[in-house]
Structure formats: structure tokens, C-alpha cells
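First the structure, in the form of C-alpha cells, and then the observations on it.
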Amino acid sequence: MAAGFKSGWYTVKLFSGFVLRGHFAMENVSVIKQLHLERTGTAPEMFLAPGRVNLIGEHTDYADGFVMPAAIDFATIAAISPRADKQAVVYSKNFSEEVERPLDGIGTRGSHHWSDYPLGVLAILQQEGMAVPGFDLTLYGDVPLGAGLSSSASIEVAAMLAMLHVAGVSLPPEKVAQLCQRAENQYVGAPCGIMDQFVSCCGAADHALLLDCRSLQYRLAPIPKHLSIVICNTMVKHSHAGGEYVTRRVEVEEGTAVLRGHRPEIRLLRDATVEDLEKWGHEMRPDVLKRCRHIITENIRTVAAADALEANDLALLGRLMAEAHISYRDDFEASCKEADVMVELAWKQPGCVGARLTGGGFGGCTVNLVESAKAEKFAAVIAMEYENATGIHPEIYLSYASAGAHAIEEAANTGAER
Ligand code: GLA
């Protein structure tokens, strides 16, 4: 193991400036299995759900538009076993804390605590009429929290697969994603769209996923083998439960209502065109016009980016990612100065195909498609120059597009799976 091996992760520390890491360590699976056994005296069934990075298509999901994320090899593991009583007992290894609730005392709203995610999932399954029995659940994840890599979705999806298992219910992954989104919207109180939960459920190894957030139809586009996904964490934290994400949604709804006043068939911005904005945008507040312009043009860019990826036109893909960042920065005003620094540094590096701020915005991570042969150099230079420019020590992760959520089979528990 490399010198930089850190808290159970496969990490390679090239020098003190940054960390590159590879696949989610299957050692974690044995550790969580053992922990669950010690806590409960019962051998668990194990499930894994990944976080995600979004290549392009930001704030388009709740406008019924298009997104193109990939699942990453940062994930949450859930270990579960049924209990004889009617208690839900959840332990988080990340928080070293246990929460116990009677099954009939889950309620409909969370309490701004990490347990809102698993309990929210339980609440939604109960609302759906599913008889989830009492259970012990052990959770552990390595998706950085509040970094725009969908740690929340990965907890929800892993917990839901686990609870469905003890309830003896099998659901299609698309349905699991929708129910997890409901848990986050209603119980946690974060008004997110469907992207994160969907790609956590339906992602595929080595592929990006182009999702039509209205029909929930999707296509998988292979990421060329010579490219790596380098994720650069600005270390600027964001939060979705309140704040700017919510403000943006309200502004978008305000603009949509203006356009709908002229063309009633515009349900959401997915239905609107650049021409609509040219005709009626002047009736909107200037900020609202900019928000709408971002979403309408981002939908066009996202579909074009999927076509470019499929056609192996990497120059076009990179251009679209750059335009997406500029639109996110100037029209949606969801970037921050640190993310702009990180992205502009990336654009100058040899081997960088495309770079932009990823996720809900206002901090978090940038996504960079980089020629694998140059990825380590890329990471080293970005880490050093970012720290010089901002005084912030970044984390940099090397990821692959990973498979969506799944049960961890016995063979994998021994480390056979990547
Ligand atoms: C967050 C939300 C998603 C999506 C993105 C922005 O990740 O959870 O639903 O809206 O922000 O693209």
C-alpha cells in the first residue's frame, strides 16, 4: 500500500499537495460487515450506492431537462439485518452514532440530522404501503460531504436497497430513484431534482448517462478509455437544504410563469426556447432572465455534449463544458471565485479535454476530463497553483465512471470486485 494510504481508502499520495485515489476499497465492505456483526450479532446483507459527478447539465433536472452525470467510485455501504421487534436502529460509522426509533414513530419530517436520510427513506416506503420490518442498519460512506458529489443520494439509495431487501420487495432502479428523491424533498426538506438519485441507481461502469428528466429515459455513452475523470475539491462547502439553491429554483419558477403566460404549453423550462426568451425575456427581472437563459441553453449544450461524446468529438465536448461553466458562472451565478480559479487553471493544462464546476453550485468540486497519461501531472499542478492562488489546500480525486447501486455479493466481500 502506498505511503498515502488514508483511513481505509486506496489512496496514492504523490506529494503533500494532493491526493489521488482509486476505487472504493472493498476492505471497507469487510470492515462494515464485521462492525455490523459485532453490533448486532447477526450477519448482514450488504448494499452499495455510489455518489456522482455531473459532466454537464446543471439545474436542468427540476426543469424537466437533460443532465449527463456519471456514477463515481465513492460510495455508501449499507449493512442490514432484520430485528424481531418493531424498532429501526441505524448506526453511522462516519458519525459514530446510533439512532433508534419505533417503526410507527418515524414521522414525516426530519430534524436536520444525518439520520434524516435513512429515516426519510423508511418514511417514504411506509407511505407507499410497504411493510418494512424492524431492522439494524449500519452505514458507512466515503463520498465527501457537502462537496457536490451527492453523498446524500448515495446514503438514500444504499439505505433504500437495504430496507427493500428486508421488506422482501423488489423495485426497478428508476422507481428507487424516484422514491429516494421524494425522501429528500419531503422528509429532509431539500428541493433537489432527480439527477443524483437516478445516476446512483442506474449508472454504468465506464459510461456517462444522458438522462431526459421528463421521461426518465436515458442513454449510456462510453467515456473513452484514454480519459480519466479528475475531481478537484475546492473545499468550499455548500448546503442545499436552504440558501442559494432554493433561491435559484424560485427565480426559475418566476421566469417560467412569465413565458407560460404567453405560451401555456410551457410547463417547465424544458418546453421553452431561446426565441421565447428573446420575445418575452424583457418582462422578467434581469436576474430571472439570466437564470432562465442558463437553463434553456444548458439543455441544448447537454444534448449536444452527449452527441459529441458518442461521436468521440472531444474538442466539441470540451468547448461545451467550458460554455456550460461560463453560463453557470455569469448567468446562473452559481459559481464562486475558488471554483472559477480551479476551472481556469484546468483549462490551461495539457491533456485537459474539459473542465467545469459540477453539482448544485456555490462551492464543491470541479469535474475535469483529462487524458489519463497526463492526469497525475494535471492533479499536481492544479493542487499547487490552486493553493498558491487561494491559500486553500484542495483534495483531488481520480475516479472512474462506476456501476450503479447494487447488492454486494459474497464473492465481492472478499475483495474480488473493484
Ligand atoms: C443538486 C441537486 C440536483 C441538481 C443539481 C444541479 O445536486 O440535488 O438535483 O439540481 O444540484 O444540477
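Quick note: numbers below take in every heavy atom, side chains included, and nothing from hydrogens, waters or symmetry partners. As the structure lists them, so they are numbered: ligands from 1, and atoms in each ligand from 1.
- Inclusion of Tyr328 in the set of residues having an N or O under 3.5 Å from an N or O of ligand 1 is not warranted.
- Checked against salt bridge (Lys or Arg N to Asp or Glu O under 4.0 Å), Glu385 has no partners two or more places apart in sequence or in another chain.
- In summary, the atoms of ligand 1 found under 4.0 Å from a heavy atom of Arg52, numbered by their order in the structure, are 7 (O).
- In the vicinity of Asp61, heavy-atom distances shorter than 4.0 Å reach the ligand 1 atoms 3 (C), 4 (C), 9 (O), 10 (O).
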Review point. After noting the C-alpha distance and the side-chain angles of Glu275 and Lys279, does the key distance pass the salt bridge (Lys or Arg N to Asp or Glu O under 4.0 Å) rule?
Key: CA-CA 6 Å; Glu275 291 71 41; Lys279 275 198 224 155; over 6 Å; no
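- For Glu58, a nitrogen or oxygen atom sits less than 3.5 Å from a nitrogen or oxygen atom of ligand 1, counting backbone and side chain alike.
- Residue Asn54 places no N or O, backbone or side chain, under 3.5 Å from any N or O of ligand 1.
- Panel note: side chain Arg356, backbone Glu323; no donor-acceptor pair is recorded below 3.5 Å.
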Practice item. Take Glu58 and Met195 through the test side-chain contact (heavy atoms from CB on, under 4.5 Å) and record every step on the way to the result. Key: CA-CA 10 Å; Glu58 228 60 88; Met195 167 169 69; 3.7 Å; yes
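- When only interatomic distances are considered, the shortest N/O to N/O separation between Gly359 and ligand 1 does not fall below 3.5 Å.
- With sequence neighbours left out, Arg263 forms a salt bridge (Lys or Arg N to Asp or Glu O under 4.0 Å) with Glu265, Asp276.
- With hydrogens and angles ignored, the 3.5 Å screen pairs no side-chain donor or acceptor of Ser200 with any backbone N or O of Asp196.
- Within a 6.0 Å radius of CD in Gln217, no more than 12 heavy atoms belonging to other residues, nucleotides or ligands are found.
- Contact between Arg249 and ligand 1 is absent, with no heavy atom of the residue lying under 4.0 Å from the ligand.
- In this comparison of Met195, Glu184, Glu298, the heavy atom closest to atom 5 (C) of ligand 1 sits on Met195.
- The shortest N or O to N or O distance between Tyr62 and ligand 1 is not under 3.5 Å.
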